[in-house]
Visitor: 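A single structure is presented below for examination.
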Amino acid sequence: MSRFRPLPLAFYRRPAEAVARDLLGRYLVRELDGERLALRLVEVEAYLGRDDPASHAFRGPTRRNASMFLAGGHAYVYFVYGMHWCVNVVCGAEGQPHAVLLRAGEPVDGAARMAELRELGRPPRRREIAGGPARLAEALAIDRAFDASTLWRGPLRLTHGDPVADTEVVRGPRIGVDYAGEAARWPLRFAVAASPELSKPLRRG
DNA sequence: TCGACGATCATCT
DNA sequence: GATGATCGTCGAG
């Protein structure tokens, strides 16, 4: 099935804003214990590296953000609030720390296993499986072990999926980056308008 | 349905 | 020593 063919390296070697838009509808695929878990990406955010006060790379390289400086096509996985993991797709050329935060996805394969991994202790509502960056990471059992991993091959991959038309895409300000001043309002959050599984509502405009 | 709040710790200053 | 690219719960409406 061509939907599960990995995206080519050239896909990632562009500025984060372009990659973010094109990631909508693609599949994030995780091989776990011989089972395929797949999410259709419906919400992402672009972070523009050294030019972006909201980016973890704004102040240059540190131990935490080192993988952002790898060539596009790697993962940047970080730990926040003492308990959550979040997954980014590194973009651009090596040394250009652009990245796209994966904020929400709809289960395509392995929804039951994802629900277990979320450990909610009750049947999850749809958006509770992967409707949020930390939920998405937990649903696919992604943690520090995937930081700096390759996304074009290996147990965590990005594949062609079902690309979405411009008419289905909405954009708006990024979530949770008020500390970044004016940059918090840059419209770098992209979502599939029709999806019921966004981390937060995002209206057209 | 919504807003407030606490949990919890690696990383950076 | 301060702080987060968050989430789940709780109480009010």
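By convention in this document, chain letters (A, B, ...) are assigned in the order of the sequence lines, proteins followed by strands, and residues within each chain are numbered from 1. Keep in mind that this is a model prediction, so the values were computed, not measured.
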Visitor: Can Y47(A) be said to stack with the base of dA5(C), given centres closer than 5.5 angstrom and planes under 30 degrees apart?
Guide: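 Ring-base stacking flag set for Y47(A) and dA5(C).
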Visitor: Mark yes or no for whether H160(A), through its side chain, and R5(A), through its backbone, hold a donor-acceptor pair below 3.5 Å.
Guide: yes
Visitor: If we ignore hydrogens and angles and just use 3.5 Å, is the side chain of R189(A) paired with the main-chain N or O of G172(A) as donor and acceptor?
Guide: no
Visitor: What I want to find out is whether R3(A) reaches D109(A) closely enough, with some N-O distance under 4.0 Å, to be called a salt bridge.
Guide: no
Visitor: Between the main-chain N or O of H56(A) and the side-chain N or O of N65(A), is there a donor-acceptor pair closer than 3.5 Å?
Guide: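 Present.
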Visitor: With salt bridge (Lys or Arg N to Asp or Glu O under 4.0 Å) as the criterion, how do R171(A) and E17(A) come out once you've worked through the C-alpha distance, each side chain's angles and the decisive distance to 0.1 Å?
Guide: CA-CA 11 Å; R171(A) 52 189 296 181; E17(A) 191 168 353; 2.9 Å; yes
Visitor: What is the distance, rounded to the nearest whole Å, between atom CZ of F58(A) and atom P of dG4(C)?
Guide: 15 Å
Visitor: Got a donor-acceptor contact below 3.5 angstrom from the R40(A) side chain to the G161(A) backbone?
Guide: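 Absent.
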Visitor: Quickly work out the W85(A) CH2 to dG4(C) C1' distance and round it to whole Å.
Guide: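 W85(A) atom CH2 is separated from dG4(C) atom C1' by 14 Å.
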Visitor: Mind listing the closest non-hydrogen atom pair of E43(A) and L24(A) along with its distance?
Guide: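 It is N-CD2, 3.8 Å.
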Visitor: Please check this pair: side chain of R174(A) against backbone of E45(A), looking for a donor-acceptor N/O pair closer than 3.5 Å.
Guide: no
Visitor: Dot-bracket, DNA chain B: Watson-Crick or G-U, under 3.5 angstrom, [ ] crossing, | other strand?
Guide: |||||||.||||.
Visitor: Using modelled atom types and a 3.5 Å cut-off, is there a donor and acceptor pairing between side-chain atoms of R135(A) and backbone atoms of E128(A)?
Guide: no
Visitor: Give me the distances for all protein-to-nucleotides 11-13 of chain B N/O pairs that come in under 3.5 Å?
Guide:
{"unit_1": "dT11(B)", "atom_1": "OP1", "unit_2": "R144(A)", "atom_2": "NH1", "d": "2.8"}
{"unit_1": "dC12(B)", "atom_1": "OP1", "unit_2": "T62(A)", "atom_2": "OG1", "d": "2.2"}
{"unit_1": "dC12(B)", "atom_1": "OP1", "unit_2": "R63(A)", "atom_2": "N", "d": "3.1"}
{"unit_1": "dC12(B)", "atom_1": "OP1", "unit_2": "R64(A)", "atom_2": "N", "d": "2.9"}

Visitor: Grab the two heavy atoms, one from L117(A) and one from A139(A), that are nearest each other, plus how far apart they are.
Guide: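 Scanning both residues completely, I find the closest heavy atoms to be CD1-O, 3.2 Å.
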Visitor: Are any protein N/O atoms closer than 3.5 Å to N/O atoms in nucleotides 6-10 of chain C? If there are, list each pair with its distance.
Guide:
{"unit_1": "dT6(C)", "atom_1": "OP1", "unit_2": "R103(A)", "atom_2": "NH1", "d": "3.2"}
{"unit_1": "dT6(C)", "atom_1": "O2", "unit_2": "H84(A)", "atom_2": "NE2", "d": "2.9"}
{"unit_1": "dC7(C)", "atom_1": "OP1", "unit_2": "P133(A)", "atom_2": "N", "d": "3.4"}
{"unit_1": "dC7(C)", "atom_1": "OP1", "unit_2": "A134(A)", "atom_2": "N", "d": "3.1"}
{"unit_1": "dC7(C)", "atom_1": "OP1", "unit_2": "R135(A)", "atom_2": "N", "d": "3.2"}
{"unit_1": "dC7(C)", "atom_1": "O4'", "unit_2": "H84(A)", "atom_2": "NE2", "d": "3.2"}
{"unit_1": "dG8(C)", "atom_1": "OP1", "unit_2": "R118(A)", "atom_2": "NH1", "d": "3.2"}
{"unit_1": "dG8(C)", "atom_1": "OP1", "unit_2": "R118(A)", "atom_2": "NH2", "d": "2.4"}
{"unit_1": "dG8(C)", "atom_1": "OP2", "unit_2": "R135(A)", "atom_2": "NE", "d": "2.7"}
{"unit_1": "dG8(C)", "atom_1": "OP2", "unit_2": "R135(A)", "atom_2": "NH2", "d": "2.5"}
{"unit_1": "dT9(C)", "atom_1": "OP2", "unit_2": "R122(A)", "atom_2": "NH2", "d": "3.1"}

